[in-house]
Amino acid sequence: MSTVSSDLMTGFIIEAQGYVISLRKTLAKKLDPETMQELHQQMAILSGAAEMLDMAEMSELIGPTQDMLKEHIDAGRKLTRKESDRLKTTIERLDEHLQSLTNGGGPPPEVAPVASFRPMPDLPADLLEIFSLEASEHSQAIQANLEILTRNPGDHALLSELRRVTHTLKGASASVGFDIIARLAHLMEDLLEHYLESSSKLPPDAIKLLFDSADALEDLIEQRQSENLPVVLSDIDARYAALLGQAYEPPPEEESVAPPEPARTSPPALPGNLLRLPLATIDQLINRVGEVVINRSVLERHLGMMRALLSDLDYSTQRLGRVAEDITTQIDMSPMFGLAGREAHDQTFDPLEMERYSLLYQHTRELDEIAADTEDLNDKLHFLAEDLDASLTREHRLTTELQNGLMNTRLVPFHEIETRLRQTVRRTAHNLGKQVELDLIGFETQVDKSVLEALADPLMHLLRNAVGHGIEAPEKRQEAHKTETGLITLRVSRGRGRVVLSLSDDGAGIDIKKIHRRAVSLGLLDEEGNPTDEQMIDLLFGEGFSLADEVTQTSGRGVGLDIVRHALNKLQGTIRVDTKLGLGTTFLLSVPVTLAITRALFIRSAGQTFAVPLEQISSVVRLPVNVLAEIGSEGVLRYGGKALATFNLATYMGEPGTETEPRYGLIIEAEEQETVILIDGLVGIQEAVVKSLGTHLRRVHGISGATISGDGRVMLILDLAELVGVEPTISRLAGIPRPPTAIVQKAGLHVLVVDDSPSVRRVVSSFLEHSGWQATTAKDGIDALEILVMIRPDVMLVDIEMPRMNGYELLTQVKSDPALQNIPVVFLTSRSALKHRKRAEQLLVDGYLIKPYREEELLEELMRAARR
Amino acid sequence: MPDYPSTLHYLPIEVSGQLFAIPMLEVAAIRQLGRGDAPVVSMGQEARQPAIPIVDLQSLFFGVSLSDIEEPAYVIVISIPAFACAVLVDGVRPARLAEPADQLAMPLTLTNERYPFRGVLRTPEGLVLIIDSRLLIEELRRIKPDLIVEKAHGSR
């Protein structure tokens with residue numbers, strides 16, 4: 001048995017009990033490699049903490065099972081039934097051991113089982129689910145009313161309401177055969193009835209008993225199996241007997257509570273307008289709406305293409321009209337066919353020529369008519385496009401409303417976990433002999449149900465820590481001139497698609513010097529080092545970092561905070577700590593309201609487009625050639641006075657040698673440092689409907705899901721923080737000892753093709769796209785300048801002769817604009833004369849190609865210009 | 001670039017809680033496997049070998065071997081020209097049709113010989129990976145040639 005201080009030991013036991021609950025929960029899942037890994041991690045932390053406290057019995061208890069798990073994980077083997085049973089036994093023995101420590105080191109007391117304690121009835125799954133839902137609602141109502149009752153113990157209206165709820169719960173439980181719950185609710189009802197009849201205030205011990213009963217009810221409803229439960233129930237039973245005296249009626253041995261009369265026993269009817277649906281049904285509907293959103297972006301893309309074609313058609317129609325008009329004018333003015341000419345040559349006029357005149361005249365007029373018809377059709381197509389645009393806008397609004405409506409059905413208030421949080425604080429404080437008040441603010445804030453469920457465990461962990469290590473014992477608080485009752489405040493607020501939680505206590509705060517000493521002793525820091533407070537606190541989130549060896553000191557955080565961060569990372573959340581020694585600590589957590597939709601930056605790398613959730617990115621920087629050279633030589637980017645590590649996404653994703661030079665850097669915070677992810681290009685910011693590729697591909701590091709683009713491509717959503725934590729040479733698929741060789745085409749450039757001929761634009765851009773490059777088109781210099789406001793291509797391919805603004809004029813504009821002058825410009829023209837080339841060179845053109853061109857020559861010239 | 005130019009008739013299968021799709025044209029047989037059944041499938045006269053071992057797809061995809069067969073489990077015999085294999089899956093759902101618009105190409109990063117998938121399907125349950133039977137058989141052959149069967153000339 002170790003000799004650690006009782007304060008620390010109690011804190012450890014509470015932590016360990018939390019882990020036992022987690023282990024049981026994990027064990028209840030399907031035992032796949034991920035679950036086994038989770039179990040192993042939890043056992044490793046627990047065993048590490050036990051070793052630090054010199055609790056050999058405990059680490060010996062866990063050790064062999066932990067080793068067995070490790071062997072299976074390494075070998076990729078599944079556990080046999082026998083081995084699963086062994087795992088279960090270890091957890092049960094662990095729980096027993098913790099119980100014995102709670103009881104002062106001796107074996108758990110022998111307790112006669114409560115007569116009516118029976119395991120859960122064998123109910124059909126659907127009935128059990130309905131009962132659990134209903135019972136949870138009642139249990140939450142009981143807890144909430146008891147909280148109010150603490151402040152107003154004489155409030156008889158409240159007592160009456162509590163009696164009503166306990167009565168309903170009793171009836172519902174009895175009707176499904178859940179006798180143990182029915183019996184407990186029955187005792188609570190009797191006690192409440194007793195004080196209602198006597199019109200007296202509830203004494204503190206009665207309120208405490210009701211709270212303990214409510215906690216036991218919660219455990220039973222949640223089906224939390226515990227060896228300790230019979231002890232608790234037996235104790236509760238005895239306390240009811242003592243309080244009720246003669247009014248106490250022990251229930252019959254076998255059938256504890258008979259179902260009350262039908263009028264009072266039927267479960268509370270749902271209000272007529274309510275309908276309960278399985279979450280999966282809502283998820284399927286959301287998935288379908290997501291598909292509609294994706295389809296809408298396909299339509300938007302097609303409409304955009306139609307508009308571009310219409311713009312080309314405008315230009316062609318204008319040219320056709322102009323040419324038709326020119327021909328008509330020239331024929332009319334012709335000396336041969338004009339009126340003057342006709343009179344002059346009347347005598348020698350050949351009848352055949354007359355016929356020619358007539359035919360040509362007819363064709364000219366026909367051409368005029370065709371031009372007019374084309375213009376008319378063009379106008380009608382424009383009207384149609386506008387109608388389509390309006391319909392699409394309306395459809396956009398309706399779909400957004402539908403999507404938001406459905407997403408809202410998944411939203412639940414934080415009140416849903418209020419009971420669990422209050423219970424955690426109350427139990428921990430009771431076990432440690434501390435007085436703690438929990439103030440919950442903003443719990444009406446709503447969040448996606450899956451996010452809330454995933455948040456519950458980290459919050460309970462932080463609350464246990466706050467009570468165990470943050471809030472001081474009453475006598476210490478008095479010495480520090482604080483109130484005996486410590487205060488923990490959990491404030492929830494919502495803004496810009498995220499929920500922010502602030503959990504603060506008025507306790508002892510975190511001793512930074514102590515962390516420093518511990519980090520030095522573990523070899524994590526040099527003694528001479530002078531890290532910031534922020535860096536020191538960050539150490540607490542490191543795996544296995546604990547202050548537990550300083551057994552003479554009282555405060556200390558660390559055990560399990562890495563688990564909290566891990567859980568938040570999974571939720572794409574963040575956590576920050578603010579602490580003041582002697583005054584308290586605040587944990588600031590931020591999580592997205594939902595994980596189904598995310599705002600993402602779409603980027604290009606290794607010839608592919610990826611989505612990166614915006615919250616992962618601190619900033620985006622453009623990388624000029626000189627900066628790239630610096631990165632190349634040093635491997636770091638100097639930015640904001642710091643040297644940031646770099647990670648080339650194309651090198652990771654592509655085959656060696658296929659990547660192009662990166663053009664942008666995404667600065668992210670990962671692994672406790674800022675890293676620059678080097679990428680080839682930016683596409684834009686959009687909402688992405690997040691879709692899972694299943695658990696099989698979840699094992700691919702750095703990929704958190706997928707989304708579907710408007711043109712029907714599956715684009716991967718990256719988890720950059722996870723990505724930079726992986727060496728590029730490590731296989732992305734566990735168990736395969738070689739790096740992946742993704743089939744990546746030569747990663748290409750983004751080219752702005754500027755030419756007045758639609759055919760040239762189409763042929764060139766199509767060729768570039770088939771080569772794995774990206775092409776954007778502009779029909780003249782003015783159009784190109786407008787496009788350059790929105791995008792930055794890697795290189796421009798420009799024709800010389802164009803209406804409105806020709807190639808020379810465009811080149812002059814680009815090279816004189818500081819924001820654009822770094823974009824290389826290559827001329828693609830039929831002008832082969834030396835004077836044209838010389839003029840272009842004077843204007844600093846970066847390349848000059850003559851039409852017709854060879855395709856390889858075009859790519860080489862563009863690559864060469866881009867490398868300049 | 002969809003892999004399938006037309007409507008795809010596919011069989012949804014369940015492995016370790018995840019749905020995958022196998023093109024129906026490549027499904028030669030579906031059999032239910034009970035506890036105690038021999039882990040082999042008889043190929044009869046359509047193959048040169050009389051029987052082939054059943055490959056646990058969960059083990060291949062998730063790196064976990066099934067020491068006990070959980071009931072009900074199904075064996076799918078996958079057959080492509082010249083070769084066939086038999087895989088064990090947790091569940092089989094009724095065959096479905098997927099329109100061309102719902103058949104999407106695999107992202108380039110995942111077009112790797114280690115990922116035996118030829119595309120992604122959009123379904124009411126979300127995205128479902130389409131198993132590339134040719135790649136799957138190649139992978140099994142690489143692991144152990146005995147895991148696949150060479151079909152007799154002329155058989156389907």
Side-chain angles (χ1 to χ4, degrees), chain A residues 30-34 36 72-73 75-81 83 280 283-285 287-288 290-291 294-295 298 606-610 652-654 691-700 702-703 705-706 708 712-716 718 731-736 738 740-745 772, chain B residues 1-4 12-21 35 56-70 89-90 98-131 135 139 142-143:
Chain A
K30 193 175 177 75
L31 275 179
D32 58 19
E34 207 174 322
M36 283 161 66
H72 279 66
I73 292 165
R77 283 199 309 268
K78 197 185 172 187
L79 294 177
T80 59
R81 290 226 170 97
E83 286 161 339
D283 284 347
Q284 276 198 8
L285 286 172
N287 185 36
R288 277 299 185 203
E291 292 294 324
I294 290 163
N295 201 48
V298 175
Q608 300 174 68
T609 305
F610 298 97
Y652 180 76
M653 291 293 177
K691 289 178 172 285
S692 167
L693 280 172
T695 45
H696 176 46
L697 293 178
R698 199 187 293 156
R699 291 144 55 91
V700 184
I703 293 172
I708 300 174
R713 277 181 301 155
V714 179
M715 292 191 292
L716 300 174
L718 300 181
S731 165
R732 279 174 280 168
L733 189 58
I736 294 167
R738 61 186 289 278
T741 51
I743 301 163
V744 180
Q745 296 171 23
Chain B
M1 185 191 63
D3 274 306
Y4 301 93
I13 57 162
E14 206 176 315
V15 181
S16 201
Q18 182 175 344
L19 276 187
F20 296 89
R35 193 177 296 276
D56 176 9
L57 218 46
Q58 187 180 17
S59 162
L60 193 72
F61 285 176
F62 297 90
V64 177
S65 62
L66 271 178
S67 53
D68 296 320
I69 293 169
E70 290 172 20
V89 301
D90 300 338
E99 295 301 322
D102 290 331
Q103 302 166 39
L104 313 174
M106 281 296 280
L108 276 175
T109 304
L110 304 175
T111 50
N112 181 313
E113 70 269 28
R114 303 291 168 180
Y115 308 107
F117 307 111
R118 59 197 291 182
V120 183
L121 286 180
R122 282 199 285 200
T123 74
E125 291 90 0
L127 298 180
V128 171
L129 297 167
I130 309 168
I131 291 176
L135 282 181
E139 174 71 356
R142 196 188 61 76
I143 296 168

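A, B, ... follow the sequence lines: proteins, then strands. Residue 1 opens every chain. Just so we're clear, the structure is a prediction, and the values are computed from it rather than from any experiment.
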May I have the step-by-step check of side-chain contact (heavy atoms from CB on, under 4.5 Å) for I708(A) and R122(B), ending in yes or no? CA-CA 10 Å; I708(A) 300 174; R122(B) 282 199 285 200; 3.2 Å; yes
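Contact tally against chain B (heavy-atom pairs below 4.5 Å) for R288(A), H72(A), K691(A): the top residue is R288(A).
Taking every heavy atom of both residues into account, L127(B) and A706(A) meet most closely at CD1-CB, 4.2 Å.
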